[in-house]
Trainee: 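I'd like to ask you about the structure that follows.
Chain letters run A, B, ... following the sequence lines, proteins first and then strands; every chain starts at 1.
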There are 2 protein chains.
Amino acid sequence: MPVEKPSLDLLRSITDEHVLRALMEHGRLTRADIAARTGISKPTIYDSVRRLAEAGVLADTGERTTGRGRVGFYYSLAPDTGAALVASISPRGLVAEAVNAFGELVAREETVLGRSASQEEVAQALARAAGTLRAHIPGGLRIAVISAADPVDRGTGRLVQLPDAPFLVGDLHPVAILEPLIAGQVLVDNDVNWAARAERGSGCAVGIDDFVYVHLGEGLGCAVVNDGRVRRGHRGLAGEIAHLHTAGPDGTAMPLTEVFATLGLRRQESTAIDVEALRAVTSGADEAAARTRTILARAVCGVLAAAVALADPQLVVIGGTWGADPAMIETIREQFARSPRHVPIATALVQAPELAGARARAADELRSAIITTARSGHAR
Amino acid sequence: MPVEKPSLDLLRSITDEHVLRALMEHGRLTRADIAARTGISKPTIYDSVRRLAEAGVLADTGERTTGRGRVGFYYSLAPDTGAALVASISPRGLVAEAVNAFGELVAREETVLGRSASQEEVAQALARAAGTLRAHIPGGLRIAVISAADPVDRGTGRLVQLPDAPFLVGDLHPVAILEPLIAGQVLVDNDVNWAARAERGSGCAVGIDDFVYVHLGEGLGCAVVNDGRVRRGHRGLAGEIAHLHTAGPDGTAMPLTEVFATLGLRRQESTAIDVEALRAVTSGADEAAARTRTILARAVCGVLAAAVALADPQLVVIGGTWGADPAMIETIREQFARSPRHVPIATALVQAPELAGARARAADELRSAIITTARSGHAR
DNA sequence: CAGTTTAGTCAGGAGTCTTGCCTAAAGACT
DNA sequence: AGTCTTTAGGCAAGACTCCTGACTAAACTG
């Protein structure tokens with residue numbers, strides 16, 4: 001049965017949920033405001049607020065209304081409601097943030113990690129950052145949302161290396177690392193997936209339910225958004241396109257990652273793309289650069305064609321250090337326009353999209369956690 | 001706000017929903033049974049059943065319990081609750097069925113249509129079948145679920161022809177045709193999508209949330225199931241793989257449908273595959289047949305590799321007149337095993353899967369319709 | 001034929017939401 | 001300065017829903 005059993009308890013918890021959601025959306029409100037906003041009667045809100053305040057979930061902020069009429073008491077979420085940890089792990093380093101239920105940045109910690117940093121060092125940096133943030137936040141860190149620049153196993157949250165694909169961060173198990181520091185859930189996903197969510201939330205794909213986000217940077221990735229959500233697949237490896245067969249420089253089929261190898265654009269001793277080298281050979285107006293751009297654009301279009309056939313997106317978004325380059329995007333557009341089933345191509349807009357996406361989700365999960373706690377909390 | 005406003009009405013409608021769901025699942029039950037099954041108290045169920053019976057949604061079946069104890073009254077959905085139309089439209093003809101809220105087949109109508117049948121004839125056959133079934137069903141046809149052997153536009157429900165892809169049924173707009181005959185929703189989807197849902201419901205993919213169903217018959221299609229649901233994409237054209245680039249007979253890349261053209265396996269004056277010819281050249285133990293099987297299997301594997309990269313399925317299901325052939329499946333398995341990211345391949349199990357899938361959905365939608373009506377019905 | 005079992009039914013009570021009204025207190029108006 | 005208006009807070013009564021617990025009716029059991 002998908003629907004809960006009818007009971008007066010259920011009714012009351014629905015009321016409480018409405019009150020909490022109203023406060024999460026608007027920061028501080030008087031009880032009369034909440035009643036007007038939710039459409040629930042004043043006495044009911046009055047009771048609910050009293051319940052939640054007694055349970056310690058809400059608190060009188062001490063502020064009072066000014067203006068005509070009787071003075072109103074402002075209420076808001078209790079200051080010790082805690083925060084969510086948001087972290088992005090990439091070869092550029094570790095960024096850790098604490099976000100509250102309003103989605104506001106409460107604290108931030110940055111750690112630069114060399115490209116040669118060991119897994120051990122990355123793990124320690126993450127644990128240290130989480131510990132530092134936790135100490136700063138009244139209610140502690142209740143949940144965590146992690147973005148990693150590598151494929152993430154959906155079941156375990158562990159970073160996984162796929163054969164021959166770029167592996168930028170290395171073997172890491174954020175769930176295990178954070179387990180002693182975070183009371184609740186630890187959510188891990190690929191940076192490209194977070195970026196896609198960010199573009200859908202406040203970038204170039206707002207309100208678009210079906211699109212594909214292609215990340216072309218040091219790594220190669222793709223997020224498939226279908227019916228408004230990123231679809232991760234069974235193991236969480238949906239969109240790992242490095243091995244997808246596409247058109248190579250001479251027109252024969254080869255895996256996408258091999259195209260870069262053939263062109264000598266992969267970093268030494270690694271399967272990561274050498275972005276500086278790539279930029280060097282593709283920028284400029286000379287014919288050689290244009291030819292290289294075309295070769296790369298054709299390879300990318302092979303991926304786009306497959307994505308269109310299998311996912312039928314309304315839009316293709318391209319991001320990443322070299323993918324979002326105007327000349328590159330333009331070449332991809334030209335090539336893609338020749339495909340019998342092409343769709344518009346947009347450039348990713350959001351700054352630090354992997355963090356933006358993870359932040360939004362963190363606030364969301366934190367809100368759910370607060371509501372769940374409130375529900376079970378005053379059941380006693 | 002996703003959650004409904006708290007009110008005593010809401011509570012009551014939840015109770016009614018529980019009662020209805022229990023009866024939909026079990027056909028006939030006494031009020032005491034319903035109470036035990038739902039966990040709701042006897043007096044509450046007693047009230048709810050009275051309400052729903054007065055509204056005409058439920059009825060005393062006239063049957064009584066036998067055995068120890070006081071005689072119980074069996075209740076069930078009212079006999080005039082109506083049915084759902086389920087129809088499958090393919091070059092083989094039209095099958096129309098009426099299904100009740102228990103998922104039982106109530107009536108069936110078959111119309112053979114020649115391959116050369118005009119759209120006009122198909123449309124008339126559909127309207128006639130719907131009319132005939134409607135006259136037989138006490139409560140009429142409340143909703144319709146249609147399976148079509150062509151791509152379906154998700155927004156309009158209209159069949160669409162993609163350039164160069166097989167177009168088996170032809171331009172048809174089932175929603176418009178059925179509009180005067182069906183009070184409620186008319187749901188149209190591709191036969192491959194329905195088949196995938198059927199395999200997930202009661203076939204080889206039970207309980208599997210992420211898989212890909214590849215249909216290899218006269219047409220070429222693919223359904224992508226992600227997080228437990230078929231993902232149709234923006235226009236409903238997700239999985240239209242005829243134009244996906246894959247390996248051709250000589251190893252160069254070409255669209256999947258071209259592979260068949262190259263091998264002379266497409267029907268005259270059409271882009272549909274000539275299944276008889278295909279079977280003729282691929283069956284048998286001789287080396288030529290084995291070679292052709294291998295060529296086709298490689299082409300299919302190109303599609304599978306793309307699907308794995310983009311959708312990360314747990315399983316690949318292969319169905320269709322020639323795809324599900326044991327020798328063919330075996331060859332595909334062998335070829336696919338060479339891919340660095342292969343997944344298990346299963347053979348489709350369900351008979352007439354497009355109908356089975358549509359039937360299940362029809363029963364589901366009919367149930368929802370009944371619950372919605374009951375909710376708004378006695379609000380008066 | 002008394003005892004057991006079971007569905008149906010009733011009464012009372014607890015809890016939730018709503019309407020309507022009153023009160024308090026601040027600003028606006030005369 | 002005094003009265004009016006506006007607005008949040010607070011209270012009482014009433015309608016309604018669900019539940020517990022007990023009772024009744026009617027069948028089978030031994």
Trainee: Looking at A/R68, I'd like to know whether one of its side-chain N or O atoms comes within less than 4.0 Å of OP1 or OP2 on D/dT7.
Mentor: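 Checking D/dT7 against A/R68, no side-chain N or O comes under 4.0 Å of OP1 or OP2.
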Trainee: Answer yes when B/R21 and B/E17 have at least one side-chain N-carboxylate O distance shorter than 4.0 Å, and no when they do not.
Mentor: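 Salt bridge between B/R21 and B/E17, a charged N being under 4.0 Å from a carboxylate O: yes.
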Trainee: Considering every strand and a 4.0 Å limit on heavy-atom distances, what is the contact class for A/S41: base, sugar-phosphate, or nothing?
Mentor: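 Answer is base: heavy atoms of A/S41 come under 4.0 Å of a base.
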Trainee: Let me know the distance between CD1 of A/I34 and P of D/dT7, rounded to the nearest Å.
Mentor: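 Going from CD1 in A/I34 over to P in D/dT7 covers 18 Å.
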Trainee: Have a look at B/L8 and say if it touches a base, only the backbone sugar-phosphate, or nothing, with a 4.0 Å heavy-atom cut-off.
Mentor: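 Base contact.
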Trainee: Decide yes or no on side chain to side chain contact (heavy atoms under 4.5 Å, CB included) for A/V19 and A/L58, but give the supporting numbers first.
Mentor: CA-CA 10 Å; A/V19 170; A/L58 299 187; 4.2 Å; yes
Trainee: Going 5' to 3' along DNA chain C, which nucleotides are the first and last within contact of chain A (any atom under 4.0 Å from a heavy atom)?
Mentor: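 Listed 5' to 3', the contact boundaries are C/dG15 to C/dA28.
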Trainee: Go nucleotide by nucleotide along DNA chain C from the 5' end; which of A/T66 and A/I40 gets its closest nucleotide reached first?
Mentor: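 Nearer the 5' end of the strand: A/I40.
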Trainee: To the nearest 0.5 Å, what is the distance between CZ on A/R229 and CZ on B/R229?
Mentor: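 Here the rounded value is 13.0 Å.
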Trainee: For the pair made of OH in A/Y75 and C1' in D/dA8, what is the distance, rounded to whole Å?
Mentor: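 Answer to the nearest Å: 11 Å.
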Trainee: Would you indicate what B/T65 reaches in the nucleic acid, counting non-hydrogen atoms under 4.0 angstrom: base, sugar-phosphate, or nothing?
Mentor: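 The answer is nothing, as B/T65 stays clear of every strand by at least 4.0 Å.
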Trainee: Between A/G72 and B/G39, name the one whose nearest nucleotide on DNA chain D is closer to the 5' end.
Mentor: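 Looking at DNA chain D, the more 5' nearest nucleotide goes with A/G72.
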Trainee: Could you state the CG-P distance from A/L10 to D/dC19, rounded to the nearest angstrom?
Mentor: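 That distance rounds to 11 Å.
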Trainee: With B/S48, which of B/T15, B/D16, B/T38 fulfils side chain to side chain donor-acceptor pair (under 3.5 Å)?
Mentor: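 Between B/S48 and the candidates, side chain to side chain donor-acceptor pair (under 3.5 Å) is satisfied uniquely by B/D16.
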Trainee: Provide, to the nearest angstrom, the distance between the OH atom belonging to B/Y46 and the P atom belonging to D/dT20.
Mentor: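 In whole Å, D/dT20 P and B/Y46 OH are 19 Å from each other.
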Trainee: A/E179: what forms a side chain to side chain contact (heavy atoms under 4.5 Å, CB included) with it, not counting sequence neighbours?
Mentor: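 By the side chain to side chain contact (heavy atoms under 4.5 Å, CB included) rule, A/E179 matches no residue at all.
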Trainee: What is the distance, to the nearest angstrom, from the CG atom on A/D9 to the P atom on D/dT20?
Mentor: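 Whole-Å distance recorded here is 12 Å.
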Trainee: Between the base of D/dG9 and the side chain of A/R70, is one N or O donor paired with an acceptor at under 3.5 angstrom?
Mentor: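 By the distance-only test, yes, there is a pair.
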Trainee: Between B/D209 and B/R200, does any side-chain N to carboxylate O distance fall below 4.0 Å?
Mentor: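 So B/D209 pairs with B/R200 through a salt bridge.
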Trainee: B/I14 CD1 to D/dC18 P: how many Å, rounded?
Mentor: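 My rounded result for the distance is 9 Å.
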Trainee: Sort and list the pairs that fulfil side-chain hydrogen bond (donor to acceptor under 3.5 Å, both in side chains) and have at least one residue in residues 64-78 of chain A, not counting sequence neighbours.
Mentor: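 Qualifying pairs: A/D60-A/R64.
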Trainee: Return no unless some side-chain N or O of B/R64 is found under 4.0 Å from OP1 or OP2 of D/dA27.
Mentor: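 So the side chain of B/R64 is outside the cut-off, no N or O lying under 4.0 Å from OP1 or OP2 of D/dA27.
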Trainee: Output the rounded distance in Å from CZ (A/F73) to C1' (D/dT7).
Mentor: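 Distance, rounded to whole Å: 13 Å.
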